Protein chains: 2
Amino acid sequence: MTLLEKTSASLDPVTEDRSMAIRDTLRNAIIDRRLAPGTKLSETEVGALFDVSRTVARAALQMLTFEGLVKTERNRGAFVSHPTPEEARQIFASRRLIEPGIVTAAVERITPDDIDRFREQLVEEERYINERGPAARRAEIKASGDFHLMLASVAGNAILQRFMDELVARSSLVIALYGRSGVSSCGHSEHFAILDLIERGDAKRAADLMLHHIDHIEADLDLQLKQGVALKDALATG
Amino acid sequence: MTLLEKTSASLDPVTEDRSMAIRDTLRNAIIDRRLAPGTKLSETEVGALFDVSRTVARAALQMLTFEGLVKTERNRGAFVSHPTPEEARQIFASRRLIEPGIVTAAVERITPDDIDRFREQLVEEERYINERGPAARRAEIKASGDFHLMLASVAGNAILQRFMDELVARSSLVIALYGRSGVSSCGHSEHFAILDLIERGDAKRAADLMLHHIDHIEADLDLQLKQGVALKDALATG
DNA sequence: TCTGTGCAAATTGTATGCAATCTGAAGGTG
DNA sequence: CACCTTCAGATTGCATACAATTTGCACAGA
């Protein structure tokens with residue numbers, strides 16, 4: 001809770017919903033791991049950080065709760081979500097349903113301009129991969145997710161885009177918790193390959209590759225349920 | 001706003017979130033058209049109706065806003081959503097992506113008990129179809145949506161279930177606004193056919209039929225954009 | 001009569017105060 | 001020494017008060 005950039009704390013004064021801005025800042029902090037799963041987000045503390053009342057802070061936390069990035073327990077408070085392996089599987093199962101369709105839609109709507117932006121994005125992603133240090137790792141996870149979100153944006157369906165916003169954000173949490181290699185290294189080249197197929201208009205293969213890509217991301221996770229049933233196991237065997 | 005059942009206004013006192021209960025009641029009222037699209041939902045009024053403060057009422061309205069059932073304009077208030085034809089198309093496009101996958105998952109997980117429940121549900125649906133009057137029409141729309149929600153529940157993916165909750169609710173709004181025949185009459189028999197295929201374990205055909213079913217529902221709508229660009233058109237041609 | 005300005009009522013946005021609930025620790029008891 | 005009880009501190013749940021904004025109407029002027 002101490003690592004939030006100061007810059008993002010200076011919110012546009014009255015222009016728009018302040019709770020929305022706070023949500024965005026917290027959201028970013030969560031998905032690139034500056035706020036670890038389990039971290040408590042107290043209303044008072046969040047309010048103080050952004051210089052707003054608990055009312056506004058509370059609204060921001062409510063939004064994050066709806067997105068599944070935060071879990072609130074009645075009379076106990078809000079905590080950064082700590083997805084179980086089962087939740088992780090459901091997240092990726094959902095992505096397997098939605099993302100091939102998004103790729104298909106993107107093939108029909110993508111413009112040369114879009115493709116340029118994608119290439120820039122992928123170059124940036126590559127840069128982070130080659131850098132060292134935790135900051136670069138965070139940026140890499142973020143950039144990797146952004147590729148999927150850009151695709152959703154190009155697909156032109158606002159509802160699916162919102163679903164993907166949620167799924168990608170929660171995926172970041174899952175990768176942070178269960179990832180073996182931090183970020184699967186094959187992911188980046190697959191992004192390139194998917195973009196190529198989209199550019200060539202090969203919707204079928206692009207969608208197929210996306211499916212494999214999601215499989216690869218999930219395969220890089222260690223989803224043995226060490227958590228969740230931990231208590232039950234401990235009681236049974238100990 | 002005067003047609004809410006009194007029974008649902010008597011909420012379990014402290015057991016659970018009161019705002020959640022209010023949300024559910026309003027949600028039901030919206031999806032079966034007791035609250036028409038465009039209806040203003042003022043915080044004070046909602047609060048008075050359920051005998052809570054504006055704080056709680058506001059939280060309920062926020063939840064509905066996240067679900068897309070309510071649109072809030074800053075400093076103006078909350079209104080029951082009035083989906084545009086474009087939004088309607090996106091809703092059904094999303095369902096086309098998700099629901100075949102749900103059917104596939106359901107085939108693998110459905111139990112004989114589940115099937116019994118589905119048959120009961122379909123019988124009830126049929127009863128409403130044969131009844132006359134607006135109350136029966138509302139119940140019919142609700143029951144039709146419930147079939148899809150039960151399927152999502154059986155599929156066992158909480159995230160997809162939540163997405164479907166939202167999509168089905170918004171679909172009800174769309175059907176209310178743009179439906180030609182109220183509810184497409186072929187829908188019910190298709191529900192039966194889908195359930196049969198699922199029972200027989202024919203995932204492929206069941207998923208295919210679901211796809212057609214969604215197409216049929218959408219085909220029964222009149223999505224010429226009489227609304228939405230009306231202003232722009234008026235300015236351009238008039 | 002039509003148009004533009006200004007005010008007043010109503011509604012939302014936000015802060016804050018009080019009550020209810022939970023947590024953790026201290027202290028007493030077997 | 002372990003365990004249970006009790007209580008204080010802290011945090012959330014909710015209500016209410018005040019500020020900011022919008023809207024519609026009244027009224028003056030052309």
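A quick note: this is a predicted structure, and the numbers were derived from the prediction, not measured. Naming: A, B, ... by sequence-line order, numbering from 1 per chain.
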[X] has a side chain; which of [options] sits nearest to it?
X	options	value
Asn75(A)	dA15(C), dC22(C), dT16(C)	dC22(C)
Ser53(A)	dA15(C), dA15(D), dC14(D)	dA15(C)
Val56(A)	dC14(D), dT12(D), dT14(C)	dT14(C)
Arg58(A)	dT12(D), dT14(C), dA15(D)	dT12(D)

Output the rounded distance in Å from [atom1] ([X]) to [atom2] ([N]).
X	N	atom1	atom2	value
Phe79(B)	dT22(D)	CZ	P	13 Å
Lys40(A)	dT23(C)	NZ	P	9 Å
Gln62(B)	dC14(D)	CD	P	14 Å
Leu61(B)	dT12(C)	CG	P	9 Å
Arg54(A)	dT11(D)	CZ	P	10 Å
Glu73(B)	dT23(D)	CD	P	9 Å
Glu43(B)	dA17(D)	CD	C1'	15 Å
Met20(A)	dT12(C)	CE	C1'	15 Å

Under 4.0 Å from OP1 or OP2 of dA15(D): is there any side-chain N or O of Arg18(B) that close? yes

Look at the side-chain N and O atoms of Arg74(A) and state whether any lies under 4.0 Å from the OP1 or OP2 oxygen of dC14(D). yes

Could you tell me whether Glu67(A) and Arg23(A) have a side-chain N and a carboxylate O separated by less than 4.0 Å? yes

SB check Asp24(A) Arg27(A) (cutoff 4.0 Å): no

Is any side-chain N or O of Arg76(A) under 3.5 Å from a base N or O of dG13(D), one able to act as donor and the other as acceptor? no

Within the structure shown, what part of the strands sits under 4.0 Å from Thr55(A) by heavy-atom distance: base, sugar-phosphate, or nothing? base

Applying the side chain to side chain contact (heavy atoms under 4.5 Å, CB included) criterion to [X], which one of [options] satisfies it?
X	options	answer
Ile91(A)	Glu166(A), Glu86(A), Arg170(A)	Arg170(A)
Leu41(B)	Val80(B), Leu49(B), Thr72(B)	Val80(B)
Ser19(A)	Thr55(A), Val52(A), Leu61(A), Val56(A)	Val56(A)

